[in-house]
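Fair warning: this is a prediction, and the values are worked out from it, not measured in the lab.
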Amino acid sequence: IYVPSEGEAEAALALGRREFRFVVARLEAGRSPAIGLDVLAQAATLPSFEGSIPLAGEGMRLDYAAAPVEASFARYRGRWHVPHSAAWASESDRPVAATAGRLRFTMGVAPAVVASVEGEALKMWRRGDLLVAGEAGIGWQALDRTALFSLSVRWNAYTRRGLLPATTEEASEVLLVAGATLAL
């Protein structure tokens, strides 16, 4: 199946209060051909956690997510794919352990308008893979704050394994992202 576009999808089940929830299950998958990623998938469960801390009443919010230990899988696209050899395993041989985190600050600008900034990182253990991202956006809340439609500028930087053993390659991109978020 060929999917020509970029993007990501995330689903999570978390238990607890809004300020601190235990992540029972989370799956995130994305595709970024411009930085050489055909698939980047993350799966997490306990001891992962997330939360949303209100600041200045409900006018501002600090959202966080941390997965000290999760499973992560990467498959590089096209010429960046690392073929398997005895000296250097392919990037897609199997999932590997990783650590990931995300921090987002959101502020209400008008009754239904919100502005936000976000930072995100993913580091795979025993691999050269490192994703660092930043995002700034503005959105409009609808349906009593259960839906958010947003427009953002996102910067992704990815360090991946090189084609030769013990080498790495870096790539980055800037995206204009339109999104829709539903809170159930």
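- For the atom pair CZ of R77 and OG of S32, the computed distance is 11.0 Å after rounding to the nearest 0.5 Å.
- Considering only heavy atoms from C-beta on, W80 stays 4.5 Å or farther from L37 through its side chain.
- For F22, the CZ atom sits in a loose shell: 12 or fewer heavy atoms of surrounding residues, nucleotides or ligands are nearer than 6.0 Å.
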Show me the donor-acceptor pairs, under 3.5 Å and distance only, between side chains in residues 121-143 and residues at least two apart or in other chains.
from, atom 1, to, atom 2, distance (Å)
K123, NZ, R127, O, 2.7
W125, NE1, T99, OG1, 2.9
R127, NH1, E91, O, 3.3
D129, OD1, Y76, OH, 3.0
D129, OD2, Y76, OH, 2.7
D129, OD2, Y158, OH, 2.5
E135, OE1, R154, NH1, 2.9
E135, OE2, R104, NH2, 3.4
E135, OE2, S152, OG, 3.3
Q141, OE1, R145, NE, 3.4

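- Taking the side chain to side chain donor-acceptor pair (under 3.5 Å) definition, one finds that E70 meets it with R26, Q42, sequence neighbours left out.
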Residues 9-19, side-chain donor-acceptor partners within the protein, below 3.5 Å, at least two apart:
from, atom 1, to, atom 2, distance (Å)
E10, OE1, R102, NH1, 3.2

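- Applying the salt bridge (charged side-chain N to carboxylate O under 4.0 Å, His left out) rule to E169 yields the partners R160; only residues at least two apart in sequence or on another chain are considered.
- By the 4.5 Å heavy-atom criterion applied to side chains, L46 and V24 are not counted as neighbours.
- Atom OG of S116 and atom CZ of R61 lie 9.0 Å apart (nearest 0.5 Å).
- Side-chain atoms of D63 and L103, non-hydrogen and from C-beta on, never get closer than 4.5 Å to each other.
- Through chains of ILVMFWY side-chain contacts below 4.5 Å, V114 is grouped with L148.
- The side-chain contact (heavy atoms from CB on, under 4.5 Å) check on L151 picks up L176, A178, with sequence neighbours excluded.
- M60 meets the side-chain contact (heavy atoms from CB on, under 4.5 Å) test with L55, A56, F105, M107; sequence neighbours excluded.
- Here L175 is tied into one hydrophobic group with V177, each link being a pair of ILVMFWY side chains closer than 4.5 Å.
- Applying the ring-ring contact (aromatic ring centres under 6.0 Å, His included) rule to pairs touching residues 27-61 yields F20-F49, sequence neighbours excluded.
- For E170, the side chain to side chain donor-acceptor pair (under 3.5 Å) criterion is met by no residue, not counting sequence neighbours.
- Among residues two or more places apart in sequence or in another chain, the side-chain contact (heavy atoms from CB on, under 4.5 Å) test is passed with A157 by W155, S172.
- In this structure, the side chains of L40 and S72 come closer than 4.5 Å at one or more pairs of heavy atoms.
- Partners of R75 by side chain to side chain donor-acceptor pair (under 3.5 Å), not counting sequence neighbours, listed by chain and number: S92.
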